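Notes follow the structure.
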Amino acid sequence: MAKGKILVTGGAGYIGSHTVVELVEAGYEPIIVDNFSNSEESSLEGITAIVGYQVPCHRVDCTDAAAMRQVFEKEKDVQGVIHFAAYKAVGESVEQPLKYYHNNVGSLVTLLQIMEEFRMYNLVFSSSCTVYGIPEQLPVTEQTPVQKANSPYGNTKKVCEEILTDLANSGSKMQSIALRYFNPIGAHPSAKIGELPLGVPNNLVPFITQTAAGIREQLTIFGNDYDTPDGTNIRDYVHVVDLAKAHVVAVARLLEGKVDALEFFNVGTGQGTSVLEAVQAFERATGQKLNYKIGERRQGDVPKIFADVTKATEELGFKTTSTLEEAMKSAWDWQVSLQKR
Ligand code: NAD
Ligand code: WQD
């Protein structure tokens, strides 16, 4: 007996596809809504290969109210929604801010309106540690002040959190959990789903795996003159499968009626890792020697950030089980499987 239908917007994407798999493993019935603007049908095949059946998918744009309404009409007894659908390229958002506000803010507002229309009040929202800007104190807790975002993308996450807050304050019945992800990396251990960066990756781990695979010549580490032990930036890299599982426990908390209007949770490992340490972990985990050099700082980089995950551990029952090496190994296995396609 399934635990309930969960609508997963952006379910064909990187974090969404892993979450769909974990929902099935936990006994839920996920339904994907995706417009494939940043994903491929092949991710659905990967999901099918892992879970053993074809998870239903609606090819719909979440900003399209009429189409979203049809999804809710068709899928009558949806218990909850996990909203991943958004654009996420920081650089592109600086060049095309309206595209980002329209998609990221527009899709949330449309979704919330339709959810209210259908009296569907359980939402998990994908937020980001980007809302903390450059934090004054580490690790960051959920009480750490949210700061002015340094990109339109980051601002869409801040604005979406504010929309959820305003809705909660309005007395709406909506119950929401906003998960603030730190840096998701890695792939499913089956290597059947993973991250599909389009063009030159902006993120560290896909750049590392593509360099090791010979697609990129060399990784440039963006600066080693920061105020950190080895001079390179510090991040909290969380295995995408652990992150996916955080959504499953968040959904359970919502369905149990334990959420008081709106809650925020950091989702990371609680561990800070420098760029150099990440490179070394990749080399250790895979036996690959990485060609890298130290380059200039990247504009807008946060020198160091990592999560305090006490709240997620205590209230959500969230825990990470994967090591950084395991995450790196899974990212490499995924890269190798992509080469064989
Ligand atoms: P992704 O691009 O792989 O997945 C997003 C999915 O949403 C894609 O399949 C895309 O086709 C779909 N989509 C986008 N706009 C849509 C729309 N209007 N209607 C329907 N589908 C749409 O990204 P991801 O890394 O899986 O990120 C998922 C969520 O997590 C996003 O909201 C992102 O901002 C957030 N997030 C990601 C990271 C990260 O580093 N990957 C960190 C923090 C937060
Ligand atoms: C990680 C570290 C780089 C590439 C971004 C978004 C953020 C969030 C996650 C969604 C940094 C260094 C990277 C390279 C490098 N996304 N690096 N050489 O910057 O923490 O965050 O993704 O919400 O909003 O800004 O992630 O993977 O780009 O970088 O040295 O070629 O790796 O300087 O220290 P970041 P990242």
Side-chain angles (χ1 to χ4, degrees), residues 8-19 32-40 43-44 57-64 67-68 71 82-91 93 99-100 102-104 106-108 110-111 125-133 149-151 153-154 156-157 160 178-185 193-198 200-208 210-211 216 218-224 226 228 232-238 240 243-244 247 267-268 273-276 278-279 292-305:
V8 186
T9 78
Y14 173 43
I15 308 168
S17 58
H18 289 83
T19 302
I32 297 170
V33 176
D34 205 300
N35 65 357
F36 295 91
S37 54
N38 197 38
S39 50
E40 293 176 4
S43 87
L44 300 183
C57 175
H58 299 265
R59 185 184 266 272
V60 158
D61 189 316
C62 295
T63 62
D64 181 342
M68 285 299 282
V71 171
I82 309 180
H83 183 50
F84 291 105
Y87 295 146
K88 63 168 179 178
V90 176
S93 80
K99 176 175 170 179
Y100 276 69
H102 177 261
N103 198 47
N104 295 8
S107 65
L108 177 69
T110 305
L111 174 68
F125 173 70
S126 296
S127 192
S128 166
C129 68
T130 189
V131 300
Y132 296 118
N150 63 2
S151 73
Y153 164 74
T156 66
K157 293 293 164 190
C160 285
L179 298 178
R180 291 172 174 161
Y181 314 154
F182 282 66
N183 289 56
I185 61 163
I193 51 172
E195 194 169 3
L196 272 180
L198 294 176
V200 183
N202 293 309
N203 294 115
L204 179 64
V205 173
F207 206 103
I208 289 178
Q210 289 196 6
T211 305
R216 311 284 154 210
Q218 190 176 44
L219 168 78
T220 301
I221 293 182
F222 297 139
N224 69 347
Y226 287 94
T228 60
T232 66
N233 283 177
I234 288 176
R235 295 287 182 278
D236 187 336
Y237 297 98
V238 56
V240 68
L243 174 59
H247 295 78
V267 187
T273 300
S274 75
V275 181
L276 268 175
V279 167
Y292 70 87
K293 66 166 187 200
I294 306 294
E296 296 295 306
R297 288 183 175 199
R298 178 172 70 177
Q299 209 202 333
D301 258 338
V302 174
K304 42 185 166 178
I305 185 162

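Here the structure is a predicted model, which is why all the values come from computation and not from measurement. Whatever order the structure lists ligands and atoms in, that order sets their numbers, starting from 1.
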Those atoms of ligand 2 less than 4.0 Å from some heavy atom in Val90
6 (C), 25 (O)
Within ligand 1, which atoms have a heavy atom of Phe36 less than 4.0 Å away?
11 (O)
So for Tyr237 against ligand 2, with non-hydrogen atoms under 4.0 Å, the contacting part is side chain
Is there at least one pair of N or O atoms, one from Ser39 and one from ligand 1, spaced under 3.5 Å apart?
yes
Any atom of ligand 1 sitting under 4.0 Å from a heavy atom of Gly11?
no
Check each heavy atom of Val275 against ligand 2 and say whether those closer than 4.0 Å belong to the side chain, the backbone, both or neither.
side chain
What are the two closest non-hydrogen atoms of Leu44 and Ala12, and how far apart are they?
CD2-CB, 4.2 Å
Nearest non-hydrogen protein atom, atom 4 (O) of ligand 1:
Gly13 CA, 3.4 Å
Distance to 0.1 Å, residue and atom name: give those for the protein heavy atom nearest to atom 21 (O) of ligand 2.
Asn183 ND2, 4.0 Å
Where's the contact between Tyr153 and ligand 2, heavy-atom distance under 4.0 Å: side chain, backbone, both or neither?
side chain
Quick one: look up the protein heavy atom nearest atom 13 (N) of ligand 1 and list residue, atom name and how far away it is.
Asn35 OD1, 3.4 Å
State if His83 counts as touching ligand 1 under the rule of any non-hydrogen atom under 4.0 Å.
no
What residue and atom, counting heavy atoms only, is the protein's closest point to atom 29 (C) of ligand 1, and at what distance?
Phe84 O, 3.3 Å
Could you identify the single nearest non-hydrogen protein atom to atom 24 (P) of ligand 1 and state the distance to 0.1 Å?
Lys88 NZ, 3.7 Å
Measuring centre to centre across the rings, with the benzene-like ring taken for any Trp, is His18 within less than 6.0 Å of Phe84?
no
List the closest protein heavy-atom neighbour of atom 2 (O) of ligand 1: residue, atom name, distance to the nearest 0.1 Å.
Asn38 ND2, 2.6 Å
Please state which part of Asn103 comes within less than 4.0 Å of ligand 1, counting heavy atoms only: side chain, backbone, both or neither.
side chain
Which segment of Pro184 sits under 4.0 Å of ligand 1 when only heavy atoms are counted
side chain
Find all atoms of ligand 1 within a distance of less than 4.0 Å from any non-hydrogen atom belonging to Cys62, and give their numbers and elements.
17 (C), 18 (N), 19 (N), 20 (C)
Under 4.0 Å from any heavy atom of Ser126, which atoms of ligand 1 are there?
29 (C), 30 (O), 32 (O), 35 (C)
Using a 4.0 Å heavy-atom cut-off, which part of Cys129 comes near ligand 1: side chain, backbone, both, or neither?
neither
re atom 8 (C) of ligand 2, the protein heavy-atom contact at minimum distance is Ser128 OG, 4.2 Å
What residue and heavy atom of the protein are closest to atom 27 (O) of ligand 2, and at what distance?
Leu204 N, 2.8 Å
Quick check: does Lys157 get an N/O under 3.5 Å from an N/O on ligand 1?
yes
Should the proximity of Asn202 to ligand 2, defined as any heavy atom under 4.0 Å, be assigned to the side chain, the backbone, both, or neither?
backbone
List the atom of Thr110, the atom of Thr63, and the distance in Å for their closest heavy-atom pair.
OG1-O, 3.8 Å
So, Ser107 and His83: side-chain donor and acceptor under 3.5 Å apart, yes or no?
yes
Enter the distance from Ser126:OG to Ile15:CD1 here, rounded to the nearest 0.5 Å.
6.0 Å
Atom 14 (C) of ligand 2 sits nearest the protein heavy atom Phe222 CE1, 3.2 Å
Residue part near ligand 2, for Asn203, under 4.0 Å between non-hydrogen atoms:
both
Which pair of heavy atoms, one from Gly268 and one from Phe182, lies closest together, and at what distance?
CA-CB, 4.3 Å
List the closest protein heavy-atom neighbour of atom 37 (C) of ligand 1: residue, atom name, distance to the nearest 0.1 Å.
Ile15 CD1, 3.7 Å
At a 4.0 Å cut-off, with the gap strictly under it, does some heavy atom of Thr9 reach an atom of ligand 1?
no
With heavy-atom distances below 4.0 Å as the criterion, list the atoms of ligand 2 near Ile221.
30 (O)
If you scan protein heavy atoms around atom 6 (C) of ligand 1, the nearest is Gly10 CA, 3.5 Å
Please identify which atoms of ligand 2 are closer than 4.0 Å to at least one heavy atom of Asp301.
3 (C), 19 (O), 33 (O)
Taking only non-hydrogen atoms of Ser37 and a 4.0 Å limit, the atoms of ligand 1 in range are 10 (C), 11 (O), 13 (N), 14 (C), 15 (N)
The option among Gly16, Ala86, Cys160, Pro197 carrying the non-hydrogen atom nearest to atom 5 (C) of ligand 1 is Ala86
Got a sec, which residues hit side chain to side chain contact (heavy atoms under 4.5 Å, CB included) with Ser17, two or more places apart in sequence or on another chain?
Ile47, Ile193
Under 4.0 Å from one or more heavy atoms of Asn233, ligand 2 contributes atoms 11 (C), 33 (O), 34 (O)
Go through ligand 2 atom by atom and flag the ones less than 4.0 Å from a non-hydrogen atom of Leu219.
14 (C), 18 (N), 31 (O)
Considering distance alone, does some N or O of Tyr87 sit under 3.5 Å from an N or O of ligand 1?
no
Closest non-hydrogen contact found for Thr156 with Tyr100 is CG2-O, 3.7 Å
Going by the order shown, which atoms of ligand 1 are within less than 4.0 Å of some heavy atom of Ala12?
9 (O)
Which bit of Thr220 is near ligand 2, meaning a heavy atom under 4.0 Å away: side chain, backbone, both or neither?
backbone
Hey, does Asp64 sit under 4.0 Å from ligand 1 if you only count heavy atoms?
no
Separation of Asn203 CG from Ile185 CD1 (nearest 0.5 Å):
10.5 Å
Can you tell which of Val275, Asp301, Leu204 makes a side chain to side chain contact (heavy atoms under 4.5 Å, CB included) with Arg235?
Asp301
Heavy atom to atom 11 (C) of ligand 2, shortest distance: which of Arg297, Arg235, Gln210, Arg180 holds it?
Arg235
Has Arg298 got any heavy atom lying under 4.0 angstrom from an atom of ligand 2?
yes
Heavy-atom nearest neighbour of atom 33 (C) of ligand 1 within options Phe182, Tyr14, Tyr153:
Tyr153
Number the atoms of ligand 1 from 1 as they appear, then name those within less than 4.0 Å of a heavy atom of Val60, with their elements.
19 (N), 20 (C)
Any nitrogen or oxygen of Ser127 lying under 3.5 Å from a nitrogen or oxygen in ligand 1? Just yes or no.
no
Which atoms of ligand 1 have any heavy atom of Asp61 under 4.0 Å away?
17 (C), 18 (N), 19 (N)
Which residue owns the protein heavy atom closest to atom 12 (C) of ligand 1, what's the atom, and how far is it?
Asp34 OD1, 3.3 Å
Quick one: which ligand 2 atoms are inside 4.0 Å of a heavy atom on Thr130?
24 (O)
